[in-house]
Amino acid sequence: MYGRKGCQLLKELSSSEKGHLPQFNSDLFEQVFAECSQHHLELQSLIRKMQEEGLDVQTAKNADHHGALIHHLALVRNKRCLMAYVYNRADVIRSLLWKIGHVLPKEIEEKLSHSEEVYFKKHSARLKSYMSSLQVDLTVDMVPPKDPYIKIRVLDDIGEGIVLSDDKTANFARHSIHFLKRTDAEQFISRGLMEELTG
């Protein structure tokens, strides 16, 4: 039956938890795309046949006309399914930039198709360019902080010579504790390299 694979693609996406990205299903995506190509060929063939018989494609109501209509509607439906799949995944990818930062963890990056990786990198680069022109980092402090400084513990060895926003350098050895500006620590916290110590 026409359209089942496109519907299956969207069901797979909608069954995942909101805000989470399932693995890009390239096999099913290609199958839906191939079905679209087949519908297009069938549609062209039926229209060509009607034109060869001297029938008006718009007004003739024979079997070929109805067959062409079915192929056209199936093509449009599959196209909408593919576009919804790509759009909703792109929406999640854009939101990841605000939640995680400009560097995606390996486990998320593996779920993306090549074009989605390129999309994330270009979107990230444009956002960085915009923020640098304003000289403001919009990805930190989504909720205004009570104190600009926080106490953090380094969870993984980050290294020496990390330049902070006040042009000082720091050594972030594993399990060391620091008192940093929230804006300096936020990028490392979102990547799971540091944790905020409260209390």
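Just so you know, these numbers come straight off a predicted model, no measurement behind them.
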**OP:** In sequence, state the C-alpha distance, the side-chain angles, and the governing distance for Val154 and Leu193, and then conclude on side chain to side chain contact (heavy atoms under 4.5 Å, CB included).
**Re:** CA-CA 6 Å; Val154 179; Leu193 299 172; over 6 Å; no
Subject >> Stepwise side chain to side chain contact (heavy atoms under 4.5 Å, CB included) test for Trp98 and Leu127 >> reply: CA-CA 10 Å; Trp98 297 101; Leu127 184 60; 4.0 Å; yes
Subject >> Test log, rule side chain to side chain contact (heavy atoms under 4.5 Å, CB included), inputs Gln8 and Val32 >> reply: CA-CA 10 Å; Gln8 185 182 342; Val32 177; over 6 Å; no
Subject >> Working for side chain to side chain contact (heavy atoms under 4.5 Å, CB included), residues Glu109 and Glu117 >> reply: CA-CA 7 Å; Glu109 198 172 322; Glu117 287 178 37; 4.1 Å; yes
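Cluster partners of Phe179, using a side-chain heavy-atom cutoff of under 4.5 Å among ILVMFWY residues and allowing indirect links, are Tyr149.
Between atom OG of residue Ser95 and atom NZ of residue Lys18 there is a gap of 9.0 Å, rounded to the nearest 0.5 Å. Taking CG from Leu112 and CD from Glu110, the interatomic distance works out to 10.0 Å, rounded to the nearest 0.5 Å.
Hydrophobic clustering keeps Leu41 apart from Leu69 (ILVMFWY residues linked when any side-chain heavy atoms are closer than 4.5 Å, directly or through intermediates).
At a threshold of 4.5 Å between non-hydrogen side-chain atoms, the residues Leu96 and Ile108 count as touching. Side chains of Leu180 and Phe172 form a contact here, defined as non-hydrogen atoms less than 4.5 Å apart. Leu13 places none of its side-chain heavy atoms less than 4.5 Å from the side chain of Leu9.
Nearest heavy atom pair, residue Glu53 against residue Asn62, reads OE1-ND2, 4.3 Å. Among all heavy-atom pairs drawn from Ile100 and Arg191, the shortest one is O-CG, 4.4 Å. Contact detail for Ile150 and Ala185: the closest heavy-atom pair is CD1-CB, 3.9 Å. Contact detail for Lys111 and Leu21: the closest heavy-atom pair is CD-O, 2.9 Å.
Every residue meeting the side chain to side chain contact (heavy atoms under 4.5 Å, CB included) condition with Glu195, not counting sequence neighbours, appears here in chain and number order: Arg153, Leu155, Leu197. Listed by chain and residue number, Val118, Arg126 satisfy the side chain to side chain contact (heavy atoms under 4.5 Å, CB included) test with Lys122 (two or more places apart in sequence, or in another chain). For the side chain to side chain donor-acceptor pair (under 3.5 Å) test, residues two or more places apart in sequence or in another chain that qualify with Arg89 are Glu116. Taking Phe120 as the reference, nothing meets the ring pair (Phe, Tyr, Trp, His ring centres under 6.0 Å) condition, with sequence neighbours excluded. Every side chain to side chain donor-acceptor pair (under 3.5 Å) that Ser115 has, sequence neighbours left out, goes to Ser113. With sequence neighbours excluded, the residues that form a side chain to side chain contact (heavy atoms under 4.5 Å, CB included) with Ser37 are Phe33. In this structure Lys128 satisfies the side chain to side chain contact (heavy atoms under 4.5 Å, CB included) test together with His102, Ser124, sequence neighbours excluded. Checked against salt bridge (charged side-chain N to carboxylate O under 4.0 Å, His left out), Asp91 has the following partners two or more places apart in sequence or in another chain: Arg94. Every residue was checked against the salt bridge (charged side-chain N to carboxylate O under 4.0 Å, His left out) condition with Glu12, not counting sequence neighbours, and none meets it.
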For residues 70-85, which side-chain N or O atoms pair as donor and acceptor with protein atoms under 3.5 Å away, sequence neighbours left out?
residue	atom	partner	partner atom	Å
His71	ND1	His39	ND1	3.0
Arg77	NH1	Gly3	O	3.0
Asn78	ND2	Glu35	OE2	2.8
Tyr85	OH	Asn25	N	3.1

With a 3.5 Å cut-off and sequence neighbours excluded, list the donor-acceptor pairs that the side chains of residues 42-50 form with protein atoms.
residue	atom	partner	partner atom	Å
Glu42	OE2	Gln38	NE2	3.2
Gln44	NE2	His40	NE2	3.3
Lys49	NZ	Asp64	OD2	3.4

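At least one donor-acceptor pair closer than 3.5 Å links the side chain of Ser15 to the backbone N or O of Lys11.
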